[in-house]
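Down below is the structure, laid out as structure tokens.
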2 protein chains.
Amino acid sequence: MIVLDIKSRKPIYEQLTEKIKELIMHDVFQPDEQLPSVRQLAGELAINPNTIQKAYRELEREGFIYSLPGKGSFVKEQTSMANKQRVEQLKNELLALISEALYLGISKKEITELAEKAEQSVKGGKGID
Amino acid sequence: MIVLDIKSRKPIYEQLTEKIKELIMHDVFQPDEQLPSVRQLAGELAINPNTIQKAYRELEREGFIYSLPGKGSFVKEQTSMANKQRVEQLKNELLALISEALYLGISKKEITELAEKAEQSVKGGKGID
DNA sequence: TTAAGTGTATTATTTAAATTAGTACAGTTG
DNA sequence: CAACTGTACTAATTTAAATAATACACTTAA
């Protein structure tokens with residue numbers, strides 16, 4: 001299910017964080033569904049459990065999962081604007097990236113189209129507006 | 001003018017790349033204006049010339065500057081959709097970031113507002129659309 | 001209650017990346 | 001010619017990522 005590129009310059013835990021994030025956002029994992037355990041996933045991917053845990057810790061920090069010691073790690077259901085700090089950080093990153101896009105000649109219309117494309121593929125998230 | 005955080009987890013050359021990018025996008029540097037030389041900037045910031053060169057190489061790759069051996073490094077004037085590869089990469093990054101934003105509860109309206117805010121602060125770029 | 005699972009934490013070691021250091025070469029400019 | 005410029009290269013050092021090996025407290029089902 002999850003494939004890592006061991007030759008990539010990008011650290012394994014980052015690749016893992018991104019992939020799981022995508023699986024959650026595209027509803028491959030349902031809310032409150034249990035993720036593979038740290039040791040199990042480490043075995044499947046043939047990497048160290050500590051690296052898996054690092055990815056899970058990051059996913060928890062970013063508001064995608066929650067962990068219960070002794071039970072497991074689970075997909076977090078999205079409530080409205082759960083993680084304020086993370087949301088602020090994301091907005092800053094978006095502003096920087098959009099600025100660069102506009103500077104390099106991508107139009108505002110194209111960015112709006114990207115937002116609509118994203119909206120269709122991302123099922124999750126509370127319909128807030 | 002440029003301040004680096006030596007204690008940051010982010011590599012120095014990345015910090016430098018981002019800061020110079022911002023200065024160019026916000027018209028602190030004019031098109032075809034000469035940037036400080038590799039050695040001069042290394043002296044001012046008290047870091048190694050090789051690190052500066054790495055940042056300049058990245059800025060050149062991303063389409064923000066051009067370098068003439070023997071003469072110097074200069075701000076690149078933006079022509080319409082200059083660097084196709086970079087533009088495609090940027091769109092992919094934007095799509096991923098916008099998807100995450102939507103998932104975490106940021107509305108499409110907020111994203112549009114960010115785009116407008118960016119448009120005002122970024123003077124550069126050809127008015128293409 | 002016990003055995004096997006869970007997340008989490010710690011220390012040490014190894015491997016990979018970032019940074020520094022020193023030197024060199026070819027082109028430009030006054 | 002002298003003093004700049006970008007670029008390239010190798011070596012050494014420092015920092016970060018990843019592995020390895022345990023350990024502890026908690027949960028769950030046998």
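In the text below, chain A, chain B and the rest are named by the order of the sequence lines, each starting its count at 1. Quantities reported herein were computed from a predicted structural model and do not represent experimental measurements.
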Could you check how far OH of B:Y56 sits from P of D:dT5, rounded to whole Å? 10 Å
Contact span of DNA chain C against chain B, any nucleotide atom under 4.0 Å from a heavy atom, 5' to 3', runs C:dA18 to C:dT29
Does a donor on one side chain and an acceptor on the other come within less than 3.5 Å for B:E44 and B:Q40? yes
What is the distance, to the nearest angstrom, from the CG atom on B:L59 to the P atom on D:dT7? 12 Å
Within the structure shown, what part of the strands sits under 4.0 Å from B:R39 by heavy-atom distance: base, sugar-phosphate, or nothing? base
Tell me: CD1 of A:I47 to P of D:dA18, nearest whole Å? 9 Å
Given atom CD1 of A:I52 and atom P of D:dT19, what is their separation to the nearest angstrom? 9 Å
Which of A:Y66, A:F64, A:Y56 passes ring-ring contact (aromatic ring centres under 6.0 Å, His included) with A:F74? Answer is A:Y66
Are any of A:K71's side-chain N or O atoms less than 4.0 Å away from OP1 or OP2 of D:dC26? no
Between B:Y66 (OH) and D:dT5 (P), how many Å, whole number? 16 Å
Given D:dG6, is OP1 or OP2 found less than 4.0 Å from the side-chain N or O atoms of B:S67? no
Starting at CD of A:Q34 and ending at P of D:dT27, how long is that distance when rounded to a whole Å? 14 Å
Whole angstroms only, please: what is the CG-P distance between A:L68 and D:dT27? 9 Å
Within the distance-only criterion (no hydrogens, no angle test), does the side chain of A:Q15 pair as donor or acceptor with the backbone N or O of A:D5 below 3.5 angstrom? yes
Reckon B:E14 touches a base, only the sugar-phosphate, or nothing at all at heavy-atom distances under 4.0 Å? nothing
Please tell me which of A:I6 and A:G70 maps to the more 5' nucleotide of DNA chain D, matching each residue to the nucleotide holding its nearest heavy atom. A:I6
Examine distances only and state if a side-chain atom of B:N83 and a backbone atom of B:R61 form a donor-acceptor pair shorter than 3.5 Å. yes
Closest nucleotide of DNA chain C for B:K10 versus for A:P69: which of these residues is on the 5' side? A:P69
Would you please test A:E100 and B:R86 for salt bridge (Lys or Arg N to Asp or Glu O under 4.0 Å) and show each step? CA-CA 11 Å; A:E100 184 171 343; B:R86 175 65 184 158; 2.5 Å; yes
Do we see a donor-acceptor contact under 3.5 Å between the side chains of A:Q89 and A:E93? yes
Rounded to the nearest Å, what distance is computed from the NZ atom of residue B:K54 to the C1' atom of nucleotide D:dG6? 18 Å
Is there a donor in the side chain of B:Q120 and an acceptor in the side chain of B:E116, or the other way round, less than 3.5 Å apart? no
